Amino acid sequence: MSLQENSVYPVKFQINGERKTIQARGADTLLYVLREGLGLTGSKPGCDNGDCGACTILINDLPMKACLILAVEAEGQHITTIEGLKHSPVQQAFVQKQAFQCGYCTPGFIMNCHGLANLHPNANEEMVQLWLESNICRCTSYVEIHEVMKTIFAFNSRIEPKSFGD
């Protein structure tokens, strides 16, 4: 199918366990459709180029940046947003460890950590560090977020934060 930027297309997918059909322009990002079309505002716009991770969602259980995906690419996919993870163990761990400050980046981190925990339940410190590099917290809650992941994966040694000079 050849897409036209301003033409409107029906897109069917499953989101947070519900089947949905939306109308999306060829140029609409999934982030835009989630927030503006479906009212799911937990995924946040940040950089709009895939660097910050504030818009992270799960597509078929894999963490993805919703700002980089066209809505029409979601056809037939299973999508989970932060709204679909109410009371998940990762979300509860974030609250218990106070792994947030302003909270803007928190949904993206929770989605990424949830994806990691489901896909790699025996992740080690190096894998956790690698996965967390895809999200940015400007308020520096990294230590608390690492504590969440230590709790989830039960590894004992401390993860040292990387400096920007490394």
Side-chain angles (χ1 to χ4, degrees), residues 3 5-6 8-120 123 127-142 144-149 152:
L3 297 178
E5 187 175 317
N6 291 316
V8 177
Y9 302 91
V11 181
K12 297 177 184 180
F13 51 80
Q14 189 174 87
I15 186 150
N16 298 330
E18 290 183 41
R19 293 187 188 280
K20 296 280 185 184
T21 301
I22 56 144
Q23 299 295 317
R25 293 178 317 123
D28 288 343
T29 65
L30 186 53
L31 178 61
Y32 174 81
V33 168
L34 291 173
R35 292 180 58 80
E36 302 300 326
L38 296 172
L40 298 171
T41 58
S43 299
K44 306 291 188 218
C47 64
D48 285 331
N49 66 9
D51 289 334
C52 74
C55 67
T56 302
I57 59 171
L58 300 178
I59 298 181
N60 301 327
D61 296 325
L62 293 172
M64 306 291 270
K65 312 283 178 69
C67 72
L68 296 179
I69 300 166
L70 294 176
V72 294
E73 294 177 299
E75 176 72 33
Q77 306 302 314
H78 291 161
I79 300 167
T80 306
T81 66
I82 191 69
E83 291 87 352
L85 290 186
K86 288 182 183 173
H87 310 298
S88 73
V90 173
Q91 187 178 42
Q92 291 173 348
F94 265 74
V95 172
Q96 290 170 348
K97 296 291 184 181
Q98 298 179 3
F100 49 86
Q101 286 186 33
C102 80
Y104 197 83
C105 68
T106 305
F109 269 105
I110 290 172
M111 297 306 294
N112 198 27
C113 293
H114 182 84
L116 173 60
N118 283 339
L119 294 169
H120 301 284
M127 183 176 280
V128 168
Q129 180 68 37
L130 181 66
W131 276 59
L132 291 180
E133 288 176 1
S134 70
N135 293 69
I136 296 173
C137 172
R138 300 220 184 266
C139 300
T140 66
S141 288
Y142 290 114
E144 293 85 357
I145 294 167
H146 286 224
E147 290 297 320
V148 165
M149 297 312 288
I152 291 169

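Everything quoted here is computed from the prediction, not taken from an experiment. Along the sequence shown, residues are numbered consecutively beginning with 1.
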Between CG on residue Leu116 and CE on residue Met111, distance to nearest 0.5 Å: 13.0 Å
- prompt: What are the two closest heavy atoms between Thr41 and Arg35, and how far apart are they?
  reply: O-NH1, 2.7 Å
- request: Please confirm whether the backbone N or O of Ser134 pairs with a side-chain atom of Lys65, one donor and one acceptor, at under 3.5 Å?
  value: yes
- line: CD (Glu144) and SG (Cys139) are apart, to the nearest 0.5 Å, by 11.0 Å
query: So, for Leu30 and Ala74, which heavy atoms are closest and what is the spacing to 0.1 Å?
result: CD1-CB, 4.1 Å
message: Which heavy atom of Phe109 sits nearest to which heavy atom of Cys137, and what is that distance?
response: CE1-CB, 3.8 Å
- prompt: So with a 6.0 Å cut-off around CZ of Phe100, is the heavy-atom count from everything else above 12?
  reply: yes
message: With rounding to the nearest 0.5 angstrom, report the CD1 to CZ distance, Ile152 to Phe94.
response: 7.0 Å
Pairwise salt bridge (charged side-chain N to carboxylate O under 4.0 Å, His left out) hits with a residue in residues 83-111, at least two apart: none
- request: Run the numbers on Ile110 and Leu85 for side chain to side chain contact (heavy atoms under 4.5 Å, CB included), then give the verdict.
  value: CA-CA 9 Å; Ile110 290 172; Leu85 290 186; 4.3 Å; yes
- request: Check whether any side-chain N or O of Asn112 sits under 3.5 Å from a backbone N or O of Trp131 as a donor-acceptor pair, and report yes or no.
  value: yes
message: Is the shortest side-chain heavy-atom distance between Phe13 and Ile22 below 4.5 Å?
response: yes
- prompt: How far does CD1 of Ile15 sit from CD1 of Ile79, to the nearest 0.5 angstrom?
  reply: 5.0 Å
Considering all heavy atoms, the nearest Val11-Ala71 contact: CG1-O, 3.4 Å
statement: Of all heavy-atom pairs linking Leu68 and Gly50, the shortest is CD1-CA, 3.6 Å
Pair up each side-chain donor or acceptor in residues 51-58 with any protein partner under 3.5 Å, not counting sequence neighbours, and list the distances.
residue : atom : partner : partner atom : Å
Thr56   : OG1  : Gly53   : O            : 2.7

- prompt: So do Gln129 and His146 actually touch side chain to side chain, heavy atoms under 4.5 Å?
  reply: yes
task: Could you tell me which non-hydrogen atom of Ser43 sits nearest to which non-hydrogen atom of Leu34, and how far apart they are?
output: OG-CD1, 4.5 Å
message: Can a donor-acceptor pair be found, under 3.5 Å and without considering hydrogens, that links the side chain of Asn16 to the backbone of Thr81?
response: yes
field: Spacing of Met64 atom CE and Thr80 atom OG1 [to the nearest 0.5 Å]
entry: 13.0 Å
task: Side-chain contact test, heavy atoms from C-beta onward, threshold under 4.5 Å: evaluate it for Tyr142 versus Ile136 and give yes or no.
output: yes
message: I need the Asn135 CG to Thr106 OG1 distance, nearest 0.5 Å.
response: 10.5 Å
field: Residue that, paired with Lys12, satisfies side-chain contact (heavy atoms from CB on, under 4.5 Å) out of Gln77, Glu75, Arg19, Lys20
entry: Glu75
query: Taking it one step at a time, do His114 and Gln91 satisfy side chain to side chain contact (heavy atoms under 4.5 Å, CB included)?
result: CA-CA 8 Å; His114 182 84; Gln91 187 178 42; over 6 Å; no
query: Hey, are the side chains of Leu31 and Cys67 touching, using non-hydrogen atoms and a 4.5 Å cut-off?
result: yes
